[in-house]
Amino acid sequence: MQTTRKMKKIMLFMVLAASASVMMGCAADDPFQEIGSGSNWNNGSDTTGGSDVGGSGGSSATSATTGSLATFDVVIDRESAEGNDSAEEYFPDAEDALENNEFTTEVSIDLSNPVAKTENGVQVTVSGGHVKANHGETKGICYVVSGSTANGSLTIEGEKKYAVRLNGVSINNPDSAALNLLSGKRAFVVLAAGTTNTLADGTGGSQKGALYCKGKLLFNGTGTLNVTGNTNNGIHSADYIVFRKGSNIYVKSTANHGVKANDGIYINGGVLNVEVTAAAAKGLNCESHICVNGGRTTVLTTGSGTYDSDDREAKGAAGIKADSTLTVNGGELWLKSTGSGGKGINTDGDAIFNGGSVYVVTTGSQYHSNNDTASPKGIKADGNISIGGGRVWVRTSGSNGEGIETKQEMSITGGEVASYAYDDAINSKSTMTIGGGYVYAHSKNNDGLDANGNCYVNGGTVCAICSGQPEVAIDANTEGGYRLYVNGGTIVAVGGLESGSQLAQTCYQASSWSPNTWYALTVGSSIFAFQTPSGGGSGLVVSGSSQPTLLSGVSVSGGTAVFGGLGVADGSVSGGTAVSLSTYTGGRGMGGPGGWR
């Protein structure tokens with residue numbers, strides 16, 4: 001939200017509050033705090049709300065709710081198998097697929113008892129526990145590596161692409177990288193089935209990663225790999241990295257990023273768990289694109305923010321940081337950032353969600369240093385955000401934490417999007433357009449949907465909740481000459497609409513609403529049931545393609561649960577009391593009852 005605009009809202013609210021006989025108070029308790037873990041929710045079966053007791057509802061200046069959206073947690077899970085929700089694998093080049101190559105010449109290296117040798121065009125040299133292998137111009141080499149060393153390493157050089165099969169290996173190198181792949185050609189790292197492999201570096205060197213690859217790094221196989229970086233990154237490729245189905249990889253860095261790539265990260269499958277603890281560290285950090293097509297990726301960042309004296313700005317940690325675009329076509333992303341200024345996803349380009357499931361939690365507050373701040377965000381893109389499918393859930397609980405924010409345009413055409421945020425739930429610096437899908441935007445202290453340009457609601461099912469006066473559920477930048485346009489869709493707005501809205505589709509205001517109550521909105525033959533929050537803006541506005549009816553205090557069974565059980569589409573409804581609806585004509589402006597114009 002723009003600063004001048006926010007000040008106008010605050011000033012108007014103060015004037016109105018001074019003339020009122022009763023000041024609306026804030027809730028004493030903060031039920032917004034995380035109260036549990038897990039991701040199970042009621043699927044709409046026998047969901048029962050309380051009876052409507054009248055009143056305007058949402059008398060407090062903060063808003064909270066319950067359900068899985070408010071309580072789901074993100075934890076490292078190295079045991080569960082990856083899901084089946086995956087899109088077609090993507091390779092920057094067909095040669096990146098292991099099955100399109102032949103590595104039939106095997107050279108065995110036992111790190112427990114390394115032996116210098118020349119074999120099949122490969123020269124192996126040994127210095128203490130440190131082994132170097134160079135295959136030169138020899139093609140089709142597969143290094144089969146086993147054994148362990150507590151003070152050693154494996155370095156590979158050569159002018160041709162190669163494979164490294166990790167067959168139960170443990171490498172600890174106190175002075176540099178544990179696995180140092182210095183060939184600039186493709187490196188296929190194959191995790192042998194049924195094996196556990198461990199790589200770790202110490203703090204004595206200047207290496208870029210415990211596993212460093214100068215060329216393209218391509219993970220395959222069904223084994224397990226554990227990587228710990230204590231000097232810099234856990235895994236670092238100077239080119240791009242591809243992860244594939246079947247692998248189970250855990251990466252931890254105490255000094256910098258978990259997985260770093262210069263030219264791209266492509267997750268086609270596998271289980272990838274990443275933990276980073278350093279200030280402003282990123283779980284996945286790429287100077288180019290990141291693309292997720294499958295697998296289950298979990299990232300935890302716990303480091304606080306820091307001030308970058310070179311860039312002269314405050315920075316926070318992030319689960320995923322892409323200097324270009326992020327595209328999610330399938331798979332699962334589980335991201336949690338607990339440090340000050342932390343983000344779940346941070347992209348310098350566009351963020352595109354076509355499928356899969358994305359779950360983001362941030363708990364940190366703003367980071368302040370040298371007159372600059374890094375604000376916590378669930379998902380933040382300097383480019384556009386486009387959501388056309390899949391599920392995107394975001395929760396931010398630290399002060400000033402916004403849910404989903406784009407510095408340009410926001411477009412939602414499908415999928416399920418749910419944001420439950422301390423600050424604006426879904427925010428765009430420019431135009432926001434909703435044309436389909438299920439969208440839930442709930443702000444504890446600000447607007448639900450907030451566009452700093454025009455906001456278009458053309459379709460889909462939209463449930464927006466603001467904190468209370470002076471905020472609104474669906475906001476557009478009227479101070480800047482923009483408007484909210486309601487052209488279609490099924491809409492539930494706790495806290496009303498921006499003043500001056502263009503309502504091509506008729507909107508209606510309920511005579512009252514009650515907190516923590518199940519309502520059923522019927523539009524034609526479709527029913528959307530929803531639970532109201534414990535508090536929120538005064539006024540409940542609804543809209544649909546035809547004149548709707550509204551029941552309060554209903555019981556719901558069956559149907560399709562959305563928003564972690566806060567909404568049910570096309571369920572069976574019983575009981576309830578009819579709510580009187582009147583035509584809503586002008587928008588609520590700064591959040592007062594009835595619609596200031």
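This is a predicted model, so every value here is computed, not measured.
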Could you check if a side-chain atom of [X] sits within less than 4.5 angstrom of a side-chain atom of [Y], using non-hydrogen atoms only?
X	Y	value
Met410	Ile404	yes
Tyr420	Phe563	no
Ile352	Val328	no
Val361	Phe72	yes
Val523	Pro548	yes
Tyr519	Leu550	yes
Ile379	Val392	yes
Val492	Leu540	yes

Stepwise side chain to side chain contact (heavy atoms under 4.5 Å, CB included) check, Thr327 with Asn354 = CA-CA 8 Å; Thr327 303; Asn354 297 318; 4.0 Å; yes

Step through the shown structure and confirm whether more than 12 heavy atoms of other residues, nucleotides or ligands are within 6.0 Å of OH on Tyr482.
-> no

Nearest 0.5 Å, what's the [atom1]-[atom2] distance between [X] and [Y]?
X	Y	atom1	atom2	value
Ser501	Leu497	OG	CG	5.0 Å
Ile434	Ser411	CD1	OG	9.0 Å
Thr413	Asn458	OG1	CG	11.5 Å
Asp348	Thr325	CG	OG1	10.5 Å
Tyr485	Thr433	OH	OG1	11.5 Å
Lys377	Asn400	NZ	CG	8.5 Å

Partners meeting side-chain contact (heavy atoms from CB on, under 4.5 Å) with Thr461 (sequence neighbours left out) | Tyr438, Thr490, Phe528

Quick one: does [X]'s side chain have a donor or acceptor within less than 3.5 Å of a partner on [Y]'s backbone?
X	Y	result
Ser443	Asn445	yes
Asn248	Arg78	yes
Arg483	Gln502	no
Ser534	Ala64	yes
Asn384	Glu409	yes
Asn427	Leu449	no
Ser86	Gly294	no
Asp424	Asp447	yes
Thr297	Leu333	no
Thr517	Pro515	yes

Side chain to side chain contact (heavy atoms under 4.5 Å, CB included) between Val271 and Ile249: does it pass, once the steps are laid out?
-> CA-CA 6 Å; Val271 174; Ile249 299 175; over 6 Å; no

Looking at [X] and [Y], what are the two nearest heavy atoms and their distance?
X	Y	value
Glu82	Arg296	CB-N, 4.2 Å
Ser419	Ile426	CB-CG1, 3.9 Å
Lys429	Lys407	CB-O, 3.2 Å
Lys343	Gly341	NZ-O, 3.4 Å
Ser397	Thr363	OG-CA, 3.6 Å
Gly316	Ala374	N-CB, 3.9 Å

Side chains of [X] and [Y], donor plus acceptor under 3.5 Å:
X	Y	value
Ser63	His442	yes
Tyr456	Asn454	yes
Gln408	Ser430	no
Gln509	Ser582	no
Asn452	Asn477	no

Ring centres under 6.0 angstrom apart (Tyr266, Tyr90) = yes

Salt bridge present between [X] and [Y] (N-O < 4.0 angstrom):
X	Y	value
Lys444	Asp423	no
Glu405	Lys380	no
Glu416	Arg391	yes

Residue among Val259, Asn293, Leu284 satisfying side chain to side chain contact (heavy atoms under 4.5 Å, CB included) with Ile267 = Leu284

CA sep, side-chain torsions, deciding dist, call: Ile320, Leu335, side chain to side chain contact (heavy atoms under 4.5 Å, CB included) = CA-CA 8 Å; Ile320 291 178; Leu335 312 172; 4.1 Å; yes

Glu332 vs Ser357, side chain to side chain donor-acceptor pair (under 3.5 Å): CA-CA, chis, key distance, verdict | CA-CA 5 Å; Glu332 299 177 22; Ser357 300; 5.9 Å; no

Stepwise, does the side chain to side chain contact (heavy atoms under 4.5 Å, CB included) test hold for Phe91 with Asn268?
-> CA-CA 9 Å; Phe91 299 98; Asn268 289 325; 3.9 Å; yes

Begin with the C-alpha distance, continue with both residues' side-chain angles, and end with the deciding distance and a verdict on side chain to side chain donor-acceptor pair (under 3.5 Å) for Thr362 and Ser337.
-> CA-CA 5 Å; Thr362 72; Ser337 183; over 6 Å; no

